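Structure first, then comments.
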Amino acid sequence: MRYPLLSLFSSIFFAALLLSCQTPGSISRDYQRALETNHELQNDDQTTLLILVDGLSSATLSTSLKNSNAPNLKSFFRLSKAGDVSFQLARSSFPSLTYPNLTSILTASKVSEHGITGNRILVDGKTVNFENVLAWRTLDQLVEDHTVFHELTKQNKTSISYSYPFPRETTAHVEKTLQAGADYLDQRYTEIDTASITSLKRLLSETSSQQWPRFIFLHLIGVDALEHQYGPENERVQTYMKSLDEQLGEVFEIVAAGSADHETRTLLTADHGFQRIDKGLDLTSIISKLGSEIRLVQDNRVASLYFPTAMPLAKRKEIAEGLLQIPELQATVLRMGKELRVYARSDKALTTDEDLLWPALEDFFKAPNAPDLLLLPKANIDFSGAYAGNHGGFTSEEMLVPILSRGFKLPDTVFSTSDLLRLLKLMP
Ligand SMILES: [Zn+2]
């Protein structure tokens, strides 16, 4: 996620002023009020807490565990086995960006099904950028009726969302407040995450565990923001991981105590991993020289081309192959009807885990709004030029994410995070 709340200030500053300031106890209060006023709401003796640490790569988590920056994660999720500290991996949806993956996880559907093919997508020929808070209305329209929150509401079951882009149809949720906007603008990521965690602690301790919501979604954004700004290997990321671990430790204590008389399943995963970025590449002028009618969408570490329908296949192949002359590109993937053709530099694999990840790329191209040609840069290149770390590409570092569980047995194989809520039987 890239500065999603910035535009609160540029565009809807005055609207934001009208929003009331959310206090740490307000979600707990909203939830209590909902239980009191709607007697049909059920709590069916089970709670699932899903913690999504935005951008937490397996490398970052490994370093945290190795350097003793995540002792609470290690003990709560029992990551230490026979002297070894290890965790399971899951496969992200492609592209390894926030909005396709949040949507895949919360709707338990594939990119080909929900159509959120990037943080930037083409809707009726226009680019909609979900990194801008104003585009969240379009996101709402595209995913409404498909989320786990909708599903639970339909069954009169309770849910809470601590995720700014996904508040709809929950029993209670975080509000876009002026304070949250100001915190993001001033890069006080810790304070946004801390506000969410503090609010969750209040909710869990002020509600008897039998009354805990059926599903709680906690979306933490600080790690992603720091990895973008300083790069995934920067020490600031580890310092923040340590602080996050301390705060989550307090949540885990309450959860563990409440689990004595209430079944609680806690999971922690990420929407995508990260790559260090050494150089940005802007394709605008190169693509415009190929023809003014070709549409280009540059989205972090992935770029999409849409050709005019009349363009012959031979011309498409020529472009797909020709663009590989750009030294920063690793591969281009051309859609030819139902077939995909990969043009890769010097026959190298796209990634070391190609077999494992290939289904995600194939699924992407089945989306109704999938591009005709996909451009994948080399590992440490992006199409933004604004960040020290980025993601969106097809490398294992971006596509394979940690998945930790307590109270629920995960499959032994690497599964897609889009299957997670179905495995948990929260989605049909
Ligand atoms: Zn993200």
Side-chain angles (χ1 to χ4, degrees), residues 1 46-66 69-81 84-98 100-111 148 162-163 166 215-221 223-224 227 232 241 244-245 248-249 251-252 255 264-274 351-353 355-357 359-360 363 391 394-427:
M1 182 182 294
Q46 188 190 67
T47 292
T48 299
L49 167 61
L50 174 57
I51 303 168
L52 189 124
V53 182
D54 203 303
L56 177 66
S57 66
S58 63
T60 294
L61 180 59
S62 292
T63 305
S64 300
L65 291 166
K66 204 171 70 199
N69 290 334
N72 291 308
L73 292 183
K74 185 174 153 187
S75 65
F76 183 76
F77 290 107
R78 302 182 174 111
L79 302 180
S80 188
K81 277 165 205 129
D84 250 14
V85 180
S86 66
F87 51 86
Q88 268 185 256
L89 295 174
R91 188 182 68 217
S92 295
S93 298
F94 180 83
S96 52
L97 293 164
T98 299
N101 276 284
L102 284 182
T103 308
S104 287
I105 292 169
L106 292 175
T107 62
S109 61
K110 296 175 175 174
V111 169
V148 62
Y162 291 96
S163 176
F166 287 93
F215 179 61
I216 304 169
F217 183 57
L218 176 64
H219 179 198
L220 301 171
I221 58 174
V223 170
D224 179 82
E227 289 184 318
M241 280 297 291
L244 207 53
D245 181 81
L248 287 175
V251 173
F252 296 155
V255 167
T264 310
R265 312 181 298 181
T266 308
L267 293 105
L268 184 145
T269 190
D271 46 351
H272 53 77
F274 254 88
T351 167
T352 45
D353 289 293
D355 290 346
L356 183 65
L357 301 177
D363 177 69
H391 52 87
F394 192 59
T395 64
S396 327
E397 289 88 342
E398 296 159 284
M399 290 288 296
L400 292 175
V401 293
I403 180 142
L404 319 179
S405 173
R406 173 162 157 159
F408 178 74
K409 173 91 179 72
L410 294 168
D412 291 328
T413 51
V414 175
F415 61 94
S416 167
T417 51
S418 66
D419 288 329
L420 181 60
L421 293 190
R422 201 171 308 110
L423 289 167
L424 288 160
K425 301 224 169 3
L426 284 161
M427 288 292 271

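The shown structure was predicted, so the numbers you read here are calculated from the model rather than taken from an experiment.
- Other residues, nucleotides and ligands place no more than 12 heavy atoms under 6.0 Å from the NZ atom of K425.
- Between the side chains of S57 and T60, at least one donor N or O sits under 3.5 Å from an acceptor N or O.
- Proximity of the aromatic rings of F274 and H391 is defined here by a centroid distance below 6.0 angstrom, and this criterion is met.
- Side-chain N/O atoms of S104 and S418 include no donor and acceptor closer than 3.5 Å.
- A cation-pi arrangement is not found for R91 relative to F415, the charged atom failing to lie both closer than 6.0 Å to the ring centre and inside a 45° cone about the ring normal.
- Annotation: side chain of F76 is in contact with side chain of V255 (closest heavy-atom distance under 4.5 Å).
- Under the 4.5 Å side-chain criterion, counting only non-hydrogen atoms from C-beta, L52 is not in contact with L220.
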Could you walk me through whether L404 and L267 pass side chain to side chain contact (heavy atoms under 4.5 Å, CB included), step by step?
CA-CA 6 Å; L404 319 179; L267 293 105; over 6 Å; no
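- The side-chain heavy atoms of V401 and L56, taken from C-beta on, include no pair separated by under 4.5 Å.
- Here the closest heavy-atom approach between residue L61 and residue P402 is recorded as CD2-CB, 3.6 Å.
- With 3.5 Å as the limit, one finds a donor-acceptor pair spanning the side chains of S396 and T351.
- Panel note: side chain N101, backbone H272; no donor-acceptor pair is recorded below 3.5 Å.
- You'll find the side chain of V251 stays beyond 4.5 Å of the side chain of L218, heavy atoms only.
- A parallel orientation is assigned to the rings of F215 and F217, their planes being inclined by less than 30° (bins at 30° and 60°).
- Put simply, the side chain of R265 gets close to the backbone of L424: a donor and an acceptor are under 3.5 Å apart.
- Inter-residue side-chain proximity for T48 and T264 is flagged as unmet; no heavy-atom pair is nearer than 4.5 Å.
- Between the side chains of T266 and R406, no donor-acceptor pair is found at a separation under 3.5 Å.
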